[in-house]
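Have a look at the structure below, then the notes.
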Amino acid sequence: MTSFQLKDGAWQVEELPLADIATRFGTPTYVYSRSALENALAEYQQTLAAHPAGKDGLVCFSIKSNSNLAILNLFARMGAGFDIVSGDELQRALAAGADASKIVFSGVGKSASEMHQALEADIFCFNVESAPELERLNEIAVAMGKKAPISLRVNPNVDPKTHPYISTGLKEAKFGVPHDRARALYRRATSLPGITVTGIDCHIGSQLLDPSPFTEALERLLGLIDDLAADGIALGHLDLGGGLGINYRETDRQPTVQEYLNPILDRVNGRNLKIVVEPGRRLVGNTAVLLSRIEYLKEGEGKNFCIIDAAMNDLMRPALYEAWHEIRPVAARSAAAKTYDVVGPICESGDFLGLQRPLAVEAGDLLAISSAGAYGMAMSSNYNTRPRAAEVLVDGTEAHLIRRRETVAELYANEQLLPK
Ligand code: LLP
């Protein structure tokens, strides 16, 4: 089944017309396809399972890209692990039914209580990003009478050729341990009583449409693995982070998961390393649209605005990264298209979802903003006192509300007036 399809001139998700979803749940609403979610994870799992070096592999969904419990639960049921970056994400993952022994914990700023929480849960691995973090983790583990399994996040200094805000593997980045210092830090780690060295990891950036930087990073890590072996330090797993890109524009050509993973698996074959990956965007990005209704069509000075009821608080990516999302009318009209800046009601010039888009639309029509499943709802905010959108997951002909729309009372529920 195709997850998003045109039927009789109108877009539907699986077997359900988007217009029906708007009528039932209102707008703006994130609408996910269950089959798209399952297919995206299955593509990784099947690619790993089909290769001798990937049989023991583990896919850890990066929760930061989309943390809805129903989605995490769907992936957990399929056997996925999770990549977390906070103790609160750990709690969310466990609430969604995650298996703690498949969780990796990344991030440069892990607090003592987060370490405590993750040690208590017996997670698979701490992806340690600095020397002081290693020392702190050791102290906490010793105090708890435990050993913390660790991997060092090595910064391979590889250019992922993506947007600078989402490049993480260059030596200027705040992430990871510099490649030249990793060997000494591993030696230190093996001398610490509260630490067990289990692996190595990296994450070079996000939205990579060319897989070659991944293999470049892999070479740098393999060199280090050999040096460590010479020091008597044997690693059990290699975690290559996330970062595989998706098609945002109709002209984008995303690599297949096989094109991405097979060269990696071929290269590590025979080394007895468990392969771990942390995809976020690729598992959810193209599984959802943001459904929105047009409030007004406004003619400006030499420019037309299509003012919709979704805004930068719902989907920040265009404003923050000048990211491109396809915007399609839910029902086609035969009228000639005009060029519009598609904007929200927020009082900022940066509040746009798409600029200079040809659209044949009228006020009241529905628009579907594509590729909205990753870093969409997850990065949304309440700016301008806008309750966050609803999230709906479609399964065949059925729609399930997986997060109800916020109410304005919830938005100020934690605030208090002064006593006098
Ligand atoms: N692992 C680590 C350690 C990460 O930092 C990230 C993403 C991932 C995995 C997942 O990467 P993915 O497969 O999703 O590319 N908000 C930005 C993306 C920020 C990515 C941050 N780290 C956006 O909307 O494009």
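Remember, it's 1-based here, ligands and their atoms both numbered in the order they're listed. Sequential numbering from 1 along the given sequence is applied to the chain's residues. Note that the structure is a prediction, hence the values are computed from the model and not measured.
For the pair Ser106 and ligand 1, the shortest N or O to N or O distance does not fall below 3.5 Å. Checked against a 3.5 angstrom limit, the closest N/O atoms of Gly205 and ligand 1 fall outside it. Annotation: Arg153 places no N or O atom under 3.5 Å from an N or O atom of ligand 1; distance criterion only. Any N or O atom pair closer than 3.5 Å counts here, and Ser62 shares no such pair with ligand 1.
Contacts between Phe175 and ligand 1 below 4.0 angstrom, taking non-hydrogen atoms only, are absent altogether. Both the backbone and the side chain of Glu278 come within 4.0 Å of ligand 1, judged by heavy-atom distances.
Here is the list of ligand 1 atoms found below 4.0 Å of a heavy atom in Pro279: 13 (O). Of all the atoms in ligand 1, the ones that sit under 4.0 Å from a non-hydrogen atom of Met379 are 16 (N). Heavy-atom contacts of Asp83 reach the following atoms of ligand 1: 1 (N), 2 (C), 9 (C) (cutoff under 4.0 Å). Of all atoms in ligand 1, listed by their number and element, those nearer than 4.0 Å to a heavy atom of Gly243 are 11 (O), 12 (P), 13 (O), 15 (O). For ligand 1, the atoms lying closer than 4.0 Å to a non-hydrogen atom of Arg281 are 12 (P), 13 (O), 14 (O), 18 (C), 23 (C), 25 (O).
Taking the ring centre of Phe105 as origin, the terminal cationic atom of Lys110 falls inside the region bounded by 6.0 Å and 45° from the ring axis.
Within the set Ser206, Ser65, Ala374, Gly376, the minimum heavy-atom distance to atom 15 (O) of ligand 1 is found for Ser206.
Heavy atoms of other residues, nucleotides or ligands lying less than 6.0 angstrom from CD of Gln91 number 12 at most.
For the side-chain contact (heavy atoms from CB on, under 4.5 Å) with Leu235, the lone residue among Leu224, Leu221, Leu228, Leu152 that qualifies is Leu228. With Ser370 as the fixed residue, the side-chain hydrogen bond (donor to acceptor under 3.5 Å, both in side chains) test singles out one of His325, Arg249, Arg328: Arg328. For the salt bridge (Lys or Arg N to Asp or Glu O under 4.0 Å) with Glu129, the lone residue among Arg136, Arg153, Arg181 that qualifies is Arg153.
For the 3.5 Å distance criterion, the side chains of Thr196 and Thr198 fail to qualify, holding no donor opposite an acceptor.
Rounding to the nearest 0.5 Å gives a distance of 10.0 Å between CG of Leu290 and CG of Leu367.
Remark: Asp309 does not engage Arg293 in a salt bridge, criterion side-chain N to carboxylate O under 4.0 Å. Salt-bridge check for Arg271 with Asp226: passed, with a basic side-chain N closer than 4.0 Å to an acidic carboxylate O.
In this structure, Arg282 has no heavy atom closer than 4.0 Å to ligand 1.
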